[in-house]
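Input: a single structure, listed below in C-alpha cells.
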Amino acid sequence: RIAPVIVSGVTVENTTLHNKGEVERLGMSIGDKVRVVRRGDVIPKIIEVLGRATVGDLKGRTHSDGSPFNQELPEASEIIVPTKCPRCETTLAVDGAFLKCINLDCPSRLERTILYWCRKLELDGIGEKLAEQLCSSGLVSSLADLYRLDERKRELLSLDRMAEKSANNLLKELENSKSMTLSMFISALGLPRIGPEIATLICSEVETLEELIDMLQHREEAVERLVKIDRIGEVVANLLLDGISDRKESIIDLYSKIIIVEGRKTISQGTLNGETFCITGTLSRPRKEIALSIKAQGGKVVSSVSGNLDFLVSGDSSGSKMEKATRLGVKIIGEDQLDDLLGGGILTDIPKPRQSTLGEF
DNA sequence: AACAACCCCGTCAATAGATC
DNA sequence: GATCTATTGACGGGGTTGTT
C-alpha cells in the first residue's frame, strides 16, 4: 500500500510488487518513497525507489473520494519475505518466481477456487465477500457445496447482506449455470496452467471425465497419450493429472452435481473459419455480443494483438492496441466491415437478449 | 427515502513458463 | 528463439440489494 497519489487521472493506493525478486530488484523497504506509473495507463507499477519518505511527503494527500489520508509514516524497516501462509500457516513452497501455499484446504484457496469457478462460468452474484462468508460460515467447503445451497436456504439467508431477493438470484444463477461442456468444467476447476485453451485441447482427445479419471491408474500411458496432442507437453500433462488426482474425490462429487453437455462440434463452420479477431475501442454493441457473433461464424476472439492476428476490430477511441496493430501490419477493420465479413448473419447469430420487460408484461 | 455495501465491468500490459 | 497461454492487478462507474 502506498499513500494516495494521483497517477494519470486516478488515485492510486495499492500497487503490487509481484514477487520476492521484484522487491530485491528494486531494493525497497517499508517507508520508502517510490515512483509509480500506470502500465498502459491502467495498472500501477512501482518503477523506482526514491529513498526514504518523510512526514512532509504525506502532507495534503486525499483518498479518491476527497477524504483526507491520515495514516502515519511507518517506521523504516526491511520487507520480510514470509515463509508461512498468512492464512493457514502452512509452509510456503517456491514455485518459480512465486511463493505458494500448497495446502489444498487453505481457506484462502477455497475462496479463490470458488471465485474462479464462478467467473469462468459467468455465474454472477458471488464476489469476494460472499465467497468469504460462504466459506467461513461453513456453508460451503467445496465447489460441490455451492450446488447444495438450495437445501440450506435458511442458513444462506442468515449471511450478511443476504435477504430473500439476493438468495433467490443466487440460487437461480447456480441452477442456470449447471450445464457446461467438459472443457468448461476442466478449465473452471482452476488447475494451474490449465485454462480454456488447454482444456479444449485435452477434450479433443479425452471425451469424458470418467475416461480422464481412469487414466490416472496408468500414469505413464496417460502422459504419453496427452503429450501426443499438439501444444501439450510433459509438464502440462503432469500438471493436469496431478491436479485431478489431488482433488479426485471433490471433483467426482462436483461432477455429480452438474450436467455435462456436448460441445459444439460445428465450431469451425462458417465464413470466418479460423480467422482471429481482437476487439478494441468503443463499439455500438457490447463486446460480448460481437465476440459471440464472430465465434458463431467460426472465428476466434483473442484479447491481445500479435503478429498472427488477422483482424483488429476497432471502435472509437481505441488506444495502444490500434498502435500495435498498425506497427505489426495487422488488418484493422471497423464494425461495418465486420458486418460484411459476418455476411449479414449478425442479427441471427447472437443469442436473444434477456426479455425481462416486454415479454413478461 | 437515503445511504452503504457489494458486485460487475471495462480498461490493458507485463510477466513467467511451456511448447515447438 | 519465437510464439503462445494463463494469470494478475488497480481503479472508478454503474447497477442492485440490504439496512437504517
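So that the names make sense, note that chain A is the first sequence line, chain B the second, and so on, each numbered from 1.
Side-chain atoms of A:Arg193 lie closest to B:dG17 of the nucleotides B:dG17, B:dC20, B:dC6. Picking from B:dA16, C:dA10, B:dC7 the nucleotide with the shortest atom distance to the side chain of A:Lys129 gives B:dC7. You'll find that the side chain of A:Arg231 is closest to B:dC20, out of B:dC20, B:dA16, C:dA10. Comparing B:dC6, C:dG18, C:dG9 by their nearest atom to the side chain of A:Ser166 picks out C:dG18. Considering only side-chain atoms of A:Arg39, the nucleotide from C:dG9, C:dA10, C:dT19 that sits closest is C:dG9.
Nucleic acid contact class of A:Asn19 (heavy atoms, under 4.0 Å, all strands): none. If you check every strand for non-hydrogen atoms under 4.0 Å, A:Asn169 touches sugar and phosphate atoms only. As judged by a 4.0 angstrom heavy-atom cut-off over every strand, A:Pro192 is placed among residues making no nucleic acid contact.
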List the steps, then state whether side chain to side chain contact (heavy atoms under 4.5 Å, CB included) holds for A:Ser142 with A:Leu254. CA-CA 8 Å; A:Ser142 69; A:Leu254 174 61; over 6 Å; no
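In this structure, the side chains of A:Thr90 and A:Cys106 stay at 4.5 Å or more apart for every pair of heavy atoms. For the pair A:His63 and A:Glu13, the minimum side-chain heavy-atom distance is below 4.5 Å. Contact of the A:Leu139 side chain with the A:Arg148 side chain is not registered, since no non-hydrogen atoms from C-beta on lie closer than 4.5 Å.
Where A:Val235 and A:Ile43 meet DNA chain B, the nucleotide closest to each residue was compared, and A:Ile43 sits on the side nearer the 5' end. Comparing A:Asp230 and A:His18 against DNA chain B, the residue whose closest nucleotide sits nearer the 5' end is A:His18. Each of A:Gly9 and A:Tyr116 has a nearest nucleotide on DNA chain C; the 5'-most of these lies closest to A:Tyr116. Checking A:Arg38 against A:Arg161, the closest nucleotide of DNA chain C that is more toward the 5' end is the one next to A:Arg38.
The CD-C1' distance, from A:Glu197 to B:dT19, rounds to 14 Å in whole Å. When rounded to the nearest whole Å, the span between CG of A:Leu130 and P of B:dC8 equals 9 Å. When the C1' atom of C:dG9 is taken as reference, atom NZ of A:Lys45 falls 11 Å away, rounded to whole Å. In this structure, A:Ile126 atom CD1 and C:dT16 atom P are separated by 19 Å, rounded to whole Å. Summarising the geometry, the separation between CZ on A:Arg119 and C1' on B:dG10 is reported as 14 Å, rounded to the nearest angstrom. To the nearest angstrom, P of C:dT7 lies 11 Å from CZ of A:Arg112. Atom CD1 in A:Ile194 sits roughly 16 Å away from atom C1' in B:dA16 (whole-Å rounding). Across the protein-nucleic acid pair, A:Leu170 atom CG and B:dC7 atom P stand 11 Å apart, rounded to whole Å.
Between A:Ser64 and the phosphate of C:dG12, there is a side-chain N or O to OP1/OP2 separation shorter than 4.0 Å. The phosphate of C:dG9 has neither OP1 nor OP2 within less than 4.0 Å of any side-chain N or O from A:Asn14.
In summary, the side chains of A:Glu175 and A:Tyr147 do not present any donor paired with an acceptor at a separation below 3.5 Å, with no hydrogens or angles considered.
Checking each of A:Leu146, A:Asp124, A:Leu121 against A:Glu173 for a side-chain contact (heavy atoms from CB on, under 4.5 Å) leaves exactly one that passes, namely A:Asp124.
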